[in-house]
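Accompanying notes for the structure given below.
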Amino acid sequence: MIFNSYAFIVFLAVTLAVYNLIPSNFRALFLLIAGYFFYAYSDWHNIPILLGVTFSTFLFGKAIASRRKHLLLIVAIVITISPLLLWKIGQLIGTVSNRTVAGFIIPIGLSFYTLQAVGYLLDVFWQRVKPMNRLPSIALYLAFFPIMLAGPIERAGRLLPQLDSMPRTKQTEAYFAIKQLFWGFFCKLVIADKLAIISSDILGKPEQGSAAILLVGLIVYSLQIYFDFYGYTTIAIATARLFGVQVMANFKHPFLAPSLVEFWHRWHISLTTWFRDYVYLPIAYKCRPIYSFTVVVLLVFVLSGIWHGASPNFVIWGGVHGVLYIVGRWTVETRRHLWQSVLHGKFQKLRRGIQAIFVFLLVSLTWVFFTVPRVEDAITVLRRIFSWDIFLSFSTIGRMFMRSDYLSYISCAILFFIIDSLGIIRVVVETVPMSKTEIIRELVVVNSLAVLMLLIGDIGSRSFIYLRF
Amino acid sequence: MDRTDQKTPVFNRRYKLLILLLISLLIANPAILFLLTRNILVSIFMPVLVLVIFYFSYFYSRSKLVTIYLVNLFAIISFFGYAEVIFTNNFHDYVIEDLYINKQGYYFNKPNLNKRFEDKEYAADYLTNCQGYRIPSGQDPQDKVDTADWLFIGDSFTQGAQVNFEQLYTTLVYKRNPNKIVINTGISGAGIAEEYNYYHKEGYLLKSSLVALQICSFNDFMNVEPARRAFTDYLAHYSNFIRFLLQGFKYQNAAQLPLGRWTEPFQPDLQSNRDYNIFYREESLKKKTDLELFRRYLRIFNDEIKKQGSRLIVFLIPTKEQVEIGCFQEVITAFQIQPNELDMLRPNKLLRQFTDELDITFVDMLEPFRSARSDVFFDDDEHLTISGHEVLAEELSKVMPKEPTPPPILLSKEYAGDRYPTYSSDGTMITYQSPINGKMEIFLANQEFNNNKRLTANNVNECHPMMSRDGARLTFTEGDPETFQTKVQVADINDINKRIIITKGDDVFGAIPCFSPDDKFLAYAEWQRISKTQYSNPQIVTVNLTTNEKRYLTKADHESWRPVFSPDGKRLAYIAKYQKQFDLYLCQIESGREDRITWTPFDEWDPHFSPDGRYIVYSAKPDGNWDLFVYDLKIGETYRLTRSKGDEWDASFSPTGDRVIYAGRFGLIEGIYEKRFSPDKPSK
């Protein structure tokens, strides 16, 4: 079941109602059943895989806790991630042989709950969390429906205690969560889905677009993927909140980041910190400082790329980000001195703005490996963008914006990007309005979201991008 | 505490109540509500309801926010209500007509449509009856269909809004089998899920013996689920204003597409090709799910059809890209698709495999379209041309169930309202009636039903025509049969306005006349007005056209209609209703002796003698619909001439006696038909 469907809205309403009606000691079990129903609704064939990962996590968790052996940990991790590995290899074979291997369409959510399972095993091994003695607890940890399909990838130490308490939904929390759901659905239905029309129109046929149009296409795709995943995460967090569970934030205005290093602290935070905590730090801890940073960061980014998809384009995407990240870290002081010598410590906001635009463009350019699946095509797009043609073809952008619907979608995306960046959405979502100004502000925002969603939001028309990873 | 202080709370409450009332009236404005709903109860009840909600929310709710959100919600709804009324009434030119109605799980034509679709490549009339089924021009939209022989279900290829009703492949299939009720339920954009839902909820009621399911390579293989009706779709369906607002956002225009035409299932981007293009080899979860769903729907569709005692035929319309190499090249070049990434026969192979598994007859239109002599698709539009419909009808006719006896021949060129055909005495001409602008007029046609000549042209009904033996005169009924105030007239065939009224007198009326074989007499049914609204029973009358002498052959204590002279002029056959139903009677004119011919519990109608006087052909209604029968006067046996779900009536023999011409109604098509009659071997 995906969030942007009527089925989910009904499912959520029913689940929330039953959850609040039943005694507290049955709530966890009920959520577990709801989670499996939620998962089976998309494709019940994937249930055995989820069960397998759950059993493996539960049994190895207990075994690791009793015998803290590295070999046992490696075996546990390999067995737990084996379904994911199998599908990734299948993907790789498909990509290399230029054909899809039947049945190797990755089961929805597998990439996410596998990482959560591995995180738990490592946390048990490092004694950060106690092993769970009850299978249903681990099962719910992996099948907590708000986050099981595409994150945020939670830590056992944060999530497991919350899943133990299971309080009744508080009125104020529900009020905030509903506003947050509104915003999440708006990001997906009104912004991301509409930008997708433009980006697929441009990047689906790159040979037809001028260099400037292709650049616009990548920028639009950048906003699309952000609002798509941001919307998904917002819905997930709001849904979890309705059940009294606080889930970690996945985004902190990444496109306002003044550097790529900063960008990765704000983008898909749950995945980035997962790789940091469970891959980078353990490896870096055992390696020499200089080499460790360069090699391990590169390794982590390449791994992150492969996690997104076992194909050359995702490896390149990860690798490029890895290189840019390393270069960014190496040049941080040089750049600071450079800015200092030019601006003499003044115009800090302007400096940050220019840096953010630069980072945004850089990140947007790298999405080409995400959205254009063939590496050679992606490189062709980049070559065209980095040719002199870019300066000559800016007039073609105007022609594209002759389409009123495109212009409306992009204006809407930019407007709400600004509103969100100014923190207005957060204030509206997270507060109970008291003064007249606050009430008016809330009504203006909520009404805008509601009316636009009703008018142009098409629920279920497009899947979430991150559901395919 | 002074008096003012004591009054303040009461005053405040009254003041607040007044404000609430005004806000309620502004938000739920009765005038706006009436203009929107045309319902007085709603217009009164809604403001009261809104006021009550506001009152309780304002005075009893713990949180002011609840009231604020409630007022806000109603205010937004109210805003759209005002906008709808203003837009609909003041900006009528901008109103975009909605052609479909949303039903549960599918959508269907709106009833009583009368549209003309024009494009640079085509112009076609699109009319629907009160049930939403497509009908020919001239057909009464209030005529319903409740049964069918062959039911065609499909998308816009079947709907065929680019061609006239007469050029549709379903009409052409009917033309080859004009004793079948063929119903076309094609709806633009419908996929197998919606088509199944239509059949499951509505189509099965037609009890068709055969269901022909048209498949195409995009609607049926992509998003194989009933089309999701977004809330906006419902809003747009009911609101002219919303439809106008969303025009450029929700509904794509072919001109804005990359190639300026619909190219589905070929998509400009790779992911969409993976997800939605059935020809694209690379799989995706979406495509895999769609294929599984398609297979499932086909299976349950077949099961449901079998359960109804019917049979399924599946036929696949190829895409333009499969048929025309130029279109294929254009698409793969524009969308940068390598030919080896495509399997252009994949849907054909898949459908053959699926239908083989379920033992369903499958017709693949790819080869017939490829080998067609003229273009089967329009150049820009993706739909079928008139030639395309012809090729499709030709191929489908090969697999349609055949009957042991040859089907009748459809003579009518237009499929609405032709009735009462009779041959001239030499058999070279046929007179019949047909509606023009809502009025029945009389026409003359040759044997092939060509060179049709309109004989009457005025603003009154003229019907039941019959030519005199010498071909110089025409007798007919004038006036509206519904009013019972019709007159029998005889006119000069070369100067139709030179008429003699046979039923003279203000209170004398008559209908359905016929000439005697020697043209000296006229027989018809005559009745009189007894009071302002009452009339006597019709009696059979003969009139001597020379002396005007009248002779009543039946009494007024029962109804008698439709007299016809025997070829020797000595007998009259007619129908009479002594008890509950009409039966066939034969009267010896000279003696006045009346013999009952049929003794059935159902109606008989429309008798006519064979030229040798041995047989009487007539229509009867034994199974709830009218079929033709032949009574052999020599041996006193009845033979069945037709057995169909349609109505066959107004039969008459050709002068040679080897053919019977009759009118009929097959579903939503009315026409004149001809069937061979073998006197030696009438079919039982």
Side-chain angles (χ1 to χ4, degrees), chain A residues 5-6 42-43 94-95 98-108 171 175 189 194 196-197 199-208 371-374 377 403-406 408-409 432-434 439-440 442-444 446-447 450-451 453-463 465 467-468, chain B residues 62-66 68-69 71-73 75-77 79-80 223 225 227-236 239 242 245-253 256-259 267-275 280-289 292 333-338 340-341:
Chain A
S5 64
Y6 290 113
S42 302
D43 190 351
T95 316
N98 206 17
R99 55 188 294 190
T100 299
V101 181
F104 274 98
I105 295 158
I106 196 154
I108 193 165
Q171 247 183 28
Y175 173 55
L189 302 178
K194 300 304 163 192
I197 298 170
S199 68
S200 62
D201 188 13
I202 298 171
L203 300 172
K205 44 180 195 322
E207 75 296 335
Q208 286 186 359
T371 183
V372 181
R374 277 186 292 230
D377 291 345
R403 281 191 62 165
S404 59
D405 51 345
Y406 281 15
S408 312
Y409 297 149
V432 178
M434 304 305 284
I439 290 170
I440 290 168
E442 177 158 323
L443 286 182
V444 168
V446 171
N447 285 352
V451 170
M453 254 197 293
L454 281 180
L455 287 182
I456 58 172
D458 194 0
I459 198 157
S461 63
R462 277 173 194 266
S463 184
I465 294 173
L467 288 183
R468 69 169 199 255
Chain B
R62 276 186 296 175
S63 167
K64 266 190 180 176
L65 263 180
V66 174
I68 290 168
Y69 264 101
V71 173
N72 175 61
L73 176 70
I76 290 177
I77 297 169
F79 166 78
F80 281 101
N223 293 323
E225 280 163 34
R228 292 166 301 96
R229 299 280 173 266
F231 184 67
T232 327
D233 292 320
Y234 286 99
L235 284 178
S239 163
I242 302 271
L245 273 187
L246 299 180
Q247 181 187 10
F249 291 95
K250 277 188 80 80
Y251 310 109
Q252 272 190 303
N253 181 344
Q256 291 179 338
L257 296 170
L259 294 180
Q267 311 282 343
D269 64 299
L270 189 71
Q271 189 56 43
S272 300
N273 276 311
R274 278 183 188 143
D275 284 346
Y280 201 74
R281 288 177 195 270
E282 197 173 334
E283 290 289 5
S284 71
L285 178 62
K286 182 86 191 80
K287 202 190 286 176
K288 191 180 144 205
T289 313
E292 278 172 10
T333 309
F335 299 161
Q336 277 209 322
I337 303 172
Q338 300 303 316
N340 63 357
E341 291 172 338

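In the text below, chain A, chain B and the rest are named by the order of the sequence lines, each starting its count at 1.
Applying the side chain to side chain donor-acceptor pair (under 3.5 Å) rule to D275(B) yields the partners Q271(B), S284(B); only residues at least two apart in sequence or on another chain are considered. T289(B) is linked by a side chain to side chain donor-acceptor pair (under 3.5 Å) to nothing, counting only residues two or more places apart in sequence or in another chain.
Rounded to the nearest 0.5 angstrom, N447(A) CG and Y69(B) OH are separated by 8.0 Å. In this structure, E442(A) CD and I68(B) CD1 are separated by 9.0 Å, a value rounded to the nearest 0.5 Å. The structure places CG of L443(A) at 8.5 Å from CG of L65(B), a figure rounded to the nearest 0.5 Å. Between the CG atom in L454(A) and the CG atom in L235(B) there is a gap of 6.5 Å [rounded to 0.5 Å].
Around atom CD of Q338(B), more than 12 heavy atoms belonging to other residues, nucleotides or ligands sit under 6.0 Å away.
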